[in-house]
K.L.:
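One structure is given below, represented as structure tokens, and several questions about it will come after.
Values below: all heavy atoms of this structure, side chains included; hydrogens, waters and symmetry mates excluded.
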Amino acid sequence: MTPPGRRVAVVTGAAGGLGHAIATALHADGWSVLLTDLDPAAVAVAAAPLGGWSAALDVRDEAACAAVAASAAERGDLALWVNNAGVLTTGPSWEHDEPTRRRMFDVNTLGAMNGTLAALAVMRRQGHGHVLNVVSLAGLIAAPGETVYAASKHALLAFSLGTLSDLRIAGYRRVHVSCLCPDGIWTPMLHDRLDDPGAVASFTGSMLTARQVAARAVRLAHRPRPVVSLPRWRGAQVRLLDALPRLAVALTPLVQAAGRAGQRRQHRRSTRPYRR
């Protein structure tokens with residue numbers, strides 16, 4: 001059993017990629033981490049070196065999220081819930097059928113809402129806690145080629161900030177909601193996108209590693225902030241473009257060119273032979 005008062009964190013989508021990197025970084029920081037994922041076998045393997053605590057979780061299931069939050073609270077102080085699970089489908093919005101659009105909103109938006117509300121049910125009783133939502137820069141600006149994905153992330157950003165304000169109005173000063181908005185991350189979500197014209201927006205800036213983003217997530221866990229972009233300059237850049245939509249649309253050809261160059265650059269990096 002986890003010692004009383006031990007900080008407990010829940011991470012969704014933690015079988016691999018960014019979720020696993022965040023869970024690993026939190027474990028190294030002294031947290032007791034419950035790794036969750038849709039794939040129970042994969043997340044059990046991922047959790048083995050991190051204390052072996054895992055659970056199957058479909059974030060689209062509200063009752064399942066509530067059960068995970070209750071289980072985590074039994075092991076200690078549910079101090080952090082990280083909504084990381086997400087899915088991406090690229091291409092023009094008119095090429096997505098209804099099930100594809102629904103899946104992105106069900107996981108990226110409603111799934112994160114389910115996790116947030118399940119965690120807050122415990123944290124409000126405790127009087128403290130922190131929900132960290134992994135949003136992406138696509139939540140700050142409409143990303144061409146990733147339009148529906150960006151819409152799902154915009155909705156998550158609005159929900160997160162509105163919920164934070166609602167908590168303050170209700171008098172909860174020690175319950176926090178943060179949004180982490182990283183640039184493109186070199187994880188399995190993008191590994192097969194190097195030739196995908198719909199994914200160019202993810203390659204226009206600094207390609208981050210999962211470890212870099214996880215390290216920022218740990219710092220954010222210690223010092224909550226409503227919105228954090230990574231790197232910071234990219235957040236300022238996309239916010240400026242978001243404030244000038246005519247300019248943003250006019251610059252779309254340049255964005256596409258920069259993204260294609262980024263794809264080629266990342267392809268060279270990923271195929272470069274290892275040197276000691």
Side-chain angles (χ1 to χ4, degrees), residues 1-15 19-20 22-27 29-38 40 43 47 50-86 106-135 156-180 214 217-226 228:
M1 292 291 289
T2 301
R6 180 76 178 272
R7 297 176 303 170
V8 172
V10 174
V11 182
T12 70
H20 185 247
I22 291 174
T24 300
L26 288 170
H27 177 76
D29 192 51
W31 295 75
S32 178
V33 187
L34 171 54
L35 287 75
T36 72
D37 198 274
L38 189 62
V43 77
L50 307 179
W53 192 18
S54 68
L57 177 62
D58 184 342
V59 296
R60 296 169 294 183
D61 186 335
E62 181 180 11
C65 288
V68 166
S71 174
E74 291 175 357
R75 295 280 295 269
D77 198 24
L78 179 55
L80 181 67
W81 181 294
V82 182
N83 284 307
N84 165 77
D106 281 350
V107 176
N108 299 345
T109 309
L110 296 176
M113 287 182 180
N114 288 338
T116 298
L117 296 173
L120 290 182
V122 174
M123 293 173 180
R124 286 164 55 229
R125 289 196 299 269
Q126 294 176 164
H128 63 91
H130 186 187
V131 175
L132 197 167
N133 288 326
V134 178
V135 175
L156 176 57
L157 183 72
F159 169 79
S160 302
L161 296 179
T163 298
L164 178 58
S165 295
D166 287 339
L167 287 166
R168 296 296 178 266
I169 292 170
Y172 295 101
R173 301 296 173 188
R174 297 177 60 214
V175 180
H176 306 281
V177 180
S178 296
C179 296
L180 180 59
V218 171
R219 295 200 304 275
L220 186 56
H222 286 286
R223 189 176 179 183
R225 293 176 56 188
V228 169

K.L.:
Just jot down the side-chain contact (heavy atoms from CB on, under 4.5 Å) partners of Gln126, sequence neighbours excluded, or say none.
P.N.:
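Listed in chain order: Asp77, Leu78, Val122, Met123, His128.
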K.L.:
Please confirm whether the backbone N or O of Thr36 pairs with a side-chain atom of Ser54, one donor and one acceptor, at under 3.5 Å?
P.N.:
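Such a contact is absent between Ser54 side chain and Thr36 backbone.
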K.L.:
Roughly how far, to the nearest 0.5 Å, is CG of Leu120 from NE2 of His130?
P.N.:
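Those atoms lie 10.5 Å apart.
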K.L.:
Closest approach of Pro40 and Ala56, non-hydrogen atoms and distance?
P.N.:
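Heavy-atom minimum between the residues: CB-CB, 3.8 Å.
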K.L.:
Within the 4.5 Å heavy-atom criterion, are Thr12 and Val68 side-chain neighbours or not?
P.N.:
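Sidechains of Val68 and Thr12: no contact.
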K.L.:
Are any non-hydrogen side-chain atoms of Val8 and Trp53 less than 4.5 angstrom apart?
P.N.:
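Val8 vs Trp53: side chains touch.
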K.L.:
Between Leu57 and Val10, is there a side-chain heavy-atom distance shorter than 4.5 Å?
P.N.:
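In short, these two side chains do not touch, never coming nearer than 4.5 Å.
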K.L.:
Between Asn84 (side chain only) and Val134 (backbone N and O only), is there a donor and an acceptor less than 3.5 Å apart?
P.N.:
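A pair under 3.5 Å: no.
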K.L.:
Please round to the nearest 0.5 Å and tell me the distance separating atom CG of Leu34 and atom CG of Leu26.
P.N.:
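Result: 12.0 Å between the selected atoms.
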K.L.:
Looking only at heavy atoms, what is the nearest atom pair of Ala14 and Val11, with distance?
P.N.:
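Here Ala14 and Val11 meet closest at CB-O, 3.6 Å.
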K.L.:
Does a side-chain heavy-atom distance below 4.5 Å link Asn108 with Leu156?
P.N.:
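No, every pair of side-chain atoms sits at 4.5 Å or beyond.
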K.L.:
Is there a side-chain contact between Asn114 and Val59 in this structure, where contact means two heavy atoms from C-beta onward sitting under 4.5 Å apart?
P.N.:
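Counting from C-beta outward, Asn114 and Val59 never come under 4.5 Å.
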K.L.:
Can you tell me how far the CZ atom of Arg124 sits from the CG atom of Leu117, to the nearest 0.5 Å?
P.N.:
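Answer rounded to 0.5 Å: 9.0 Å.
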K.L.:
Identify the heavy atoms of Asp37 and Ala15 that sit nearest to each other, and give their distance.
P.N.:
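Scanning both residues completely, I find the closest heavy atoms to be OD2-N, 3.2 Å.
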K.L.:
Measure across Cys179 and Ser160 and return the closest heavy-atom pair with its distance rounded to 0.1 Å.
P.N.:
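Smallest interatomic distance, heavy atoms only, reads SG-CB, 3.3 Å.
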K.L.:
Nearest heavy-atom pair of Gly115 and Asn83: which atoms, and what distance?
P.N.:
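Minimum heavy-atom separation between Gly115 and Asn83: CA-OD1, 3.6 Å.
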K.L.:
With a 3.5 Å distance limit and no angle check, can you tell me whether Arg125 reaches the backbone of Ala121 through a side-chain donor-acceptor pair?
P.N.:
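Side chain of Arg125 to backbone of Ala121, a donor-acceptor pair under 3.5 Å: yes, one is there.
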K.L.:
If we only count heavy atoms from C-beta on, is the His20 to Leu50 side-chain gap below 4.5 Å?
P.N.:
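Touching, per the 4.5 Å side-chain cut-off.
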K.L.:
Is the closest side-chain heavy-atom distance between Asp29 and His222 below 4.5 Å?
P.N.:
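Yes, their side chains come closer than 4.5 Å.
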K.L.:
Identify the two heavy atoms, one from Arg173 and one from His176, that lie closest to each other, and give their separation to 0.1 Å.
P.N.:
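Minimum heavy-atom separation between Arg173 and His176: O-CE1, 3.7 Å.
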K.L.:
Can you list the residues that meet the side-chain contact (heavy atoms from CB on, under 4.5 Å) rule with Ala217, with sequence neighbours excluded?
P.N.:
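Listed in chain order: Ile22, Leu132, Leu180.
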K.L.:
Could you check if a side-chain atom of Leu110 sits within less than 4.5 angstrom of a side-chain atom of Glu62, using non-hydrogen atoms only?
P.N.:
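Not in contact.
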K.L.:
Can you list everything that forms a side chain to side chain donor-acceptor pair (under 3.5 Å) with Arg60? Sequence neighbours excluded, please.
P.N.:
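For Arg60, the residues satisfying side chain to side chain donor-acceptor pair (under 3.5 Å) (neighbours in sequence not counted) are Asp58.
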